[in-house]
Amino acid sequence: MAPTHLRGGLNMMFQVATTFGIFTANMINFGTQKIKPWGWRLSLGLAAIPAILMTVGGIFLPDTPNSLVQRGLKEEGKKLLEKIRGTDDVDAEFQDMVEASEFASSIKHPFRNIFEKRYRPELIMAIFMPTFQIMTGINSILFYAPVLFQSMGFAGDASLYASALTGGVLAFSTFISIATVDRLGRRPLLISGGIQMVICQVIVGIILGTKFGPNKELSKSFSALVVAVICLFVLAFGWSWGPLGWTVPSEIFPLEIRSAGQSVTVAVNLLFTFIIAQVFLSLLCSLKFGIFLFFAGWVTFMTLFVHLLLPETKGVPIEEIAFLWRRHWFWKRILLDN
């Protein structure tokens with residue numbers, strides 16, 4: 001539904017909502033942990049509130065012009081597009097939607113077709129972008145921030161303060177991305193964010209490797225430095241891979257495989273979220289400070305991946321994204337036959 005020149009920023013409101021939810025959950029946990037012995041029940045039970053809001057909100061949620069056109073309701077689709085854009089001058093954009101919809105309707109079995117060679121770039125991005133987003137290590141820090149900070153020598157309350165702080169930084173940093181993504185582009189934010197995350201993870205790994213251990217505790221100054229560097233890591237994630245890990249996949253699929261592509265993206269994201277949530281504590285126990293170097297290696301790889309293989313999608317209508325792959329130095333070799 002978003003106009004092309006604002007699509008990146010508006011898409012990132014998704015990440016704003018997610019990070020605000022994480023921060024709110026951190027603050028609720030901080031408050032309810034003081035209520036003994038049933039505070040944890042209150043913490044879990046309050047999750048019913050956003051569930052109710054989503055259910056009620058769904059009743060009032062409007063359809064999209066693309067969806068109406070795909071279902072043959074062209075007049076309703078055009079009226080909705082005029083309403084969204086605030087102008088009657090939508091003929092060119094509406095015609096693009098109709099043509100894309102007619103082509104999409106001629107394509108059967110989108111989940112089977114997404115594995116065809118002509119959609120290879122989109123499939124690779126649908127798998128790797130959400131995988132890389134999780135392998136930055138951000139979920140590990142957000143899920144286990146209290147445990148992580150306690151293992152560094154912070155007391156119980158201090159660890160909750162630190163995790164609330166990282167949640168607040170994450171929520172704030174998303175606004176940086178909203179303000180810059182449609183001016184600077186997707187690639188510069190992903191690459192600069194990746195570089196900053198690698199530097200921060202290496203610094204934390206070195207500090208913990210040299211200043212912390214079975215017979216060594218972090219001094220207050222080094223503890224404060226670790227929290228500050230982790231906050232810088234979260235800040236970099238919040239303007240780069242956090243929102244763009246969702247934004248880029250949402251704008252690269254042609255209409256005929258969009259539902260299949262988005263399904264793959266979400267499924268891969270949830271799969272790796274589950275895997276990391278299950279293995280992080282074991283990795284932390286075995287790798288110790290090396291856990292930060294482990295994720296730094298992944299971020300290095302994904303930054304190179306973006307530099308080499310992801311074209312810039314800023315300002316490109318979704319219906320014309322396919323032309324980017326055909327002009328790209330690497331993907332055009334794969335798509336040559338098509």
Side-chain angles (χ1 to χ4, degrees), residues 13-61 130 133-134 136-175 204 208 212 214 217-218 220 223-224 226-231 233-235 237-238 242-243 246 266-267 269-288 291-292 295:
M13 294 305 294
F14 175 87
Q15 181 72 5
V16 170
T18 301
T19 55
F20 179 74
I22 291 169
F23 177 67
T24 304
N26 279 334
M27 299 312 296
I28 289 171
N29 286 341
F30 181 73
T32 56
Q33 60 100 21
K34 297 179 182 296
I35 305 173
K36 308 292 184 182
W38 48 269
W40 65 273
R41 297 181 187 273
L42 179 62
S43 175
L44 287 177
L46 287 173
I49 294 176
I52 292 169
L53 289 174
M54 284 194 293
T55 304
V56 174
I59 298 171
F60 301 99
L61 193 70
Q133 186 189 49
I134 302 304
T136 57
I138 189 66
N139 277 358
S140 308
I141 290 174
L142 296 180
F143 286 171
Y144 296 111
V147 176
L148 194 62
F149 286 118
Q150 281 178 6
S151 70
M152 294 177 194
F154 290 78
D157 279 359
S159 68
L160 281 169
Y161 274 125
S163 60
L165 176 62
T166 56
V169 169
L170 182 59
F172 165 76
S173 63
T174 308
F175 289 100
V204 172
L208 295 182
F212 183 71
E217 287 190 5
L218 282 179
K220 286 187 177 180
S223 296
V226 166
V227 172
V229 174
I230 286 179
C231 284
F233 165 81
V234 172
L235 185 73
F237 176 85
W246 293 106
V266 174
N269 184 284
L270 294 177
L271 173 64
F272 276 87
T273 299
F274 169 76
I275 291 172
I276 290 296
Q278 298 305 309
V279 305
F280 175 74
L281 288 181
S282 298
L283 284 174
L284 180 62
C285 290
S286 58
L287 296 179
K288 299 180 176 61
I291 190 74
F292 290 96
F295 286 122

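Residue indices begin at 1 and follow the sequence shown. Atoms considered below: every heavy atom in the structure, side chains included; atoms not considered: hydrogens, waters and symmetry mates.
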**Message:** The test is side-chain contact (heavy atoms from CB on, under 4.5 Å); show your working for Lys288 and Phe212 and say whether it passes.
**Reply:** CA-CA 10 Å; Lys288 299 180 176 61; Phe212 183 71; over 6 Å; no
### Message
Does Phe175, at its CZ atom, have more than 12 non-hydrogen atoms belonging to other residues, nucleotides or ligands within less than 6.0 Å?
### Response
no
Nearest 0.5 Å, please: how far is [atom2] in [Y] from [atom1] in [X]?
X      : Y      : atom1 : atom2 : value
Leu270 : Ile275 : CG    : CD1   : 11.0 Å
Leu42  : Asn29  : CG    : CG    : 10.0 Å
Ile138 : Thr166 : CD1   : OG1   : 7.5 Å
Ile291 : Leu208 : CD1   : CG    : 11.5 Å
Leu170 : Thr18  : CG    : OG1   : 9.0 Å
Thr24  : Phe20  : OG1   : CZ    : 3.5 Å

How close do Phe237 and Pro243 get, counting heavy atoms only, and between which atoms?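 Phe237 and Pro243 have their closest heavy atoms at O-CD, 3.8 Å.
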**OP:** Determine the minimum heavy-atom distance between Leu46 and Pro50, stating which atoms define it.
**Re:**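 Taking Leu46 first and Pro50 second, the nearest heavy atoms are O-CD, 3.4 Å.
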Whether the side chain of Gln133 engages the backbone of Gly242 through a donor-acceptor N/O pair (distance < 3.5 Å, no angle test) should be reported. yes
- Item | Under 3.5 Å: donor-acceptor pair, side chain of Ser43, backbone of Gly39 |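 Judged by distance alone, no pair lies under 3.5 Å.
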**Study point:** Sequence-distant partners of Thr32, side-chain hydrogen bond (donor to acceptor under 3.5 Å, both in side chains), two or more places apart
**Key:**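 By the side-chain hydrogen bond (donor to acceptor under 3.5 Å, both in side chains) rule, Thr32 matches no residue at all.
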List in chain and number order the residues that pass side-chain hydrogen bond (donor to acceptor under 3.5 Å, both in side chains) with Gln15, two or more places apart in sequence or in another chain; answer none if no residue qualifies.
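In terms of side-chain hydrogen bond (donor to acceptor under 3.5 Å, both in side chains), with neighbours along the sequence ignored, Gln15 is linked to no residue.
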Would Phe280 and Leu284 count as a side-chain contact (heavy atoms from CB on, under 4.5 Å) here? Give the steps.
CA-CA 6 Å; Phe280 175 74; Leu284 180 62; 4.2 Å; yes
Considering only heavy atoms from C-beta outward, does the side chain of Asn269 approach that of Trp246 to under 4.5 Å?
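Side chain of Asn269 against side chain of Trp246, heavy atoms only: contact under 4.5 Å found.
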Tell me, with the steps shown, if Leu235 and Phe172 meet side-chain contact (heavy atoms from CB on, under 4.5 Å). CA-CA 8 Å; Leu235 185 73; Phe172 165 76; 4.2 Å; yes
Check: Please walk me through it: do Ser223 and Val227 pass side-chain contact (heavy atoms from CB on, under 4.5 Å)?
Finding: CA-CA 6 Å; Ser223 296; Val227 172; 5.8 Å; no
